[in-house]
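Taking it in order: structure first as structure tokens, then the write-up.
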There are 2 protein chains.
Amino acid sequence: MTVEPLSSLDRSTLRERSLAALRSAITSGGYRPGDHLGEVELASHLGVSRGTVREALRHLQQEGLVTAGNRGMLRVNRLSATEVRELFKVRAALEGLAVTEIINSPRRQEAADTLRHALQDLGSGDFADRVEADLGFHLLLCRLAGNSMLVEAWRALEGRIRVTIMNGDAEGSPVMMAGDRHAPIIDAIESGELATALSVVEEHMAAAADHFAAADDAV
Amino acid sequence: MTVEPLSSLDRSTLRERSLAALRSAITSGGYRPGDHLGEVELASHLGVSRGTVREALRHLQQEGLVTAGNRGMLRVNRLSATEVRELFKVRAALEGLAVTEIINSPRRQEAADTLRHALQDLGSGDFADRVEADLGFHLLLCRLAGNSMLVEAWRALEGRIRVTIMNGDAEGSPVMMAGDRHAPIIDAIESGELATALSVVEEHMAAAADHFAAADDAV
DNA sequence: AGGGTGATGACTGTCGACAACCGTCACCAT
DNA sequence: ATGGTGACGGTTGTCGACAGTCATCACCCT
């Protein structure tokens, strides 16, 4: 009963709304890693047909939030400590490209301002809000690079990033996402020092990897 | 009539086989960019239900091979010249990470040997075979890095890479995929010179980007 | 008691049908 | 001739039902 019926009045399709509802339910911890996601149960909870939730589940599977268990049954995915470290290494590579592109762009200063503005959302709200702000910041970083394929690649990992962060402990994570951690990235972009910016991003990701990989092992 | 009925005797699900058939039909040029992919027509050609091809199409949409047109109708995607350049920049970042990981690994020599062995497939067969060998080489590069998330990220772009290459001219592309182009990557890995390896990969991708972006504009 | 075995239940895989939507086009009134 | 309008065809969105499959478990035979 952790997924709520669709009741919004928007004009998007039931499939899209079911997808969003399921994704939200999983990343917000409504379902724990390893939980079995039955099509019939979800369908009845969401108030839609099985085929509709089926498509949504397949989408989530491609996003990496859900993984196939025995006999095609789907379970909520959980990344191992190793995978978490791998994930953040890839993020470092992608976001390293992002800062490279931004620094080499003539709109560098404008981008830095936009990022600094986005930093303000990082300090307020509850845990989920901060996670949202953190992911929003990094996604914005990719967007400002002006490389649509980079955004696509980042989004392909977004689901996995989300579950990893949300599964982390809610006590230690805030410090992980504090503005202090992100400000150096902006500073480096602003000053145009590419090498510094790259190492800052690298370090940011390495620290996050250690943090979440440790939390992952504990469970 | 460019997609053929499923007649294989394997035990995979109809959805998986339809997915493979559609992907193959698109990447092999059976459908041209912009072509409308009607669910009913594909279903009848493949000999399966609409719901089944529907799931396959959604999968392909997430892969980027297919894009949504008006009223939810799906068309074969085509990347613009700009997107092609963006795509290869992301590849450079990802495969740059791959060579970094390989060089820092104790199994560096073994990886180099494996790669060199894979190079042999690059010089034979028809155009499609060579494309397959080329993509196989680069995927292998990512795999040898031992980073599963890197492989995931690369695969997320694989479809777009495929259509881009297959849409290129079959005359100029072989030289693009010649063994000479890839051997320097292996040499750099073998010698352990990280900086050299990175610049080689960067250059490899930049050359490919120019090549395919130009071909893209011509159409 | 132990091991094979058949019923059972809960899933997913797949299908065909209905409904809603939108573009198109012929047709009519002005 | 032109603008509006209504029917029509094609396409996707969504649904409910049937069939196949696998794990579980009680049960029977030895």
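Every value quoted in this text rests on a predicted model; they were computed, and no experiment measured them. In what follows, every heavy atom counts, from backbone to side chain, and hydrogens, waters and symmetry copies are set aside.
Atom CZ of A:Arg75 is separated from atom C1' of C:dT12 by 16 Å (rounded to the nearest Å). The distance from atom CG of A:Asn70 to atom P of C:dT12 is 13 Å, rounded to the nearest whole Å. Rounded to whole Å, the distance from NE2 on A:His36 to C1' on C:dC11 is 7 Å. The distance from atom CD of B:Gln61 to atom P of D:dT12 is 12 Å, rounded to the nearest whole Å. For the pair B:Leu19 CG and C:dT14 P, the interatomic distance rounds to 12 Å; values are reported in whole Å. Between the P atom of D:dG10 and the CD atom of B:Glu41 lies a distance of 13 Å, rounded to the nearest Å.
The CG atom of B:Leu150 sits 11.0 Å away from the CZ atom of B:Arg143 when rounded to the nearest 0.5 Å. For the atom pair CD1 (A:Ile161) and CG (A:Leu79), the distance works out to 10.0 Å, reported to the nearest 0.5 Å. Here the CD atom belonging to A:Gln61 is positioned 10.0 Å from the CZ atom belonging to A:Arg54, to the nearest 0.5 angstrom.
The environment of CG in A:Asp126 is crowded: more than 12 heavy-atom neighbours from other residues, nucleotides or ligands sit within 6.0 Å.
Between A:Glu83 and A:Arg160 there is no salt bridge, since no side-chain N of the basic residue sits under 4.0 Å from a carboxylate O of the acidic one. Salt bridge annotation for B:Arg155-B:Glu158: present, with a cationic side-chain nitrogen under 4.0 angstrom from a carboxylate oxygen.
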Close N or O pairs between protein and nucleotides 13-16 of chain D (under 3.5 Å):
{"unit_1": "D:dG13", "atom_1": "OP2", "unit_2": "B:Arg54", "atom_2": "NH1", "d": "2.6"}
{"unit_1": "D:dG13", "atom_1": "OP2", "unit_2": "B:Arg54", "atom_2": "NH2", "d": "2.9"}
{"unit_1": "D:dG13", "atom_1": "N7", "unit_2": "B:Arg50", "atom_2": "NH2", "d": "2.9"}
{"unit_1": "D:dG13", "atom_1": "O6", "unit_2": "B:Arg50", "atom_2": "NH1", "d": "2.9"}
{"unit_1": "D:dT14", "atom_1": "OP1", "unit_2": "A:Leu14", "atom_2": "N", "d": "2.5"}
{"unit_1": "D:dT14", "atom_1": "OP2", "unit_2": "A:Arg15", "atom_2": "N", "d": "3.4"}
{"unit_1": "D:dC15", "atom_1": "OP2", "unit_2": "A:Ser49", "atom_2": "N", "d": "2.7"}
{"unit_1": "D:dC15", "atom_1": "OP2", "unit_2": "A:Thr52", "atom_2": "OG1", "d": "3.0"}

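Within the nucleic acid shown, B:Leu37 comes within 4.0 Å of sugar-phosphate atoms alone, with no base atom in reach, counting heavy atoms only.
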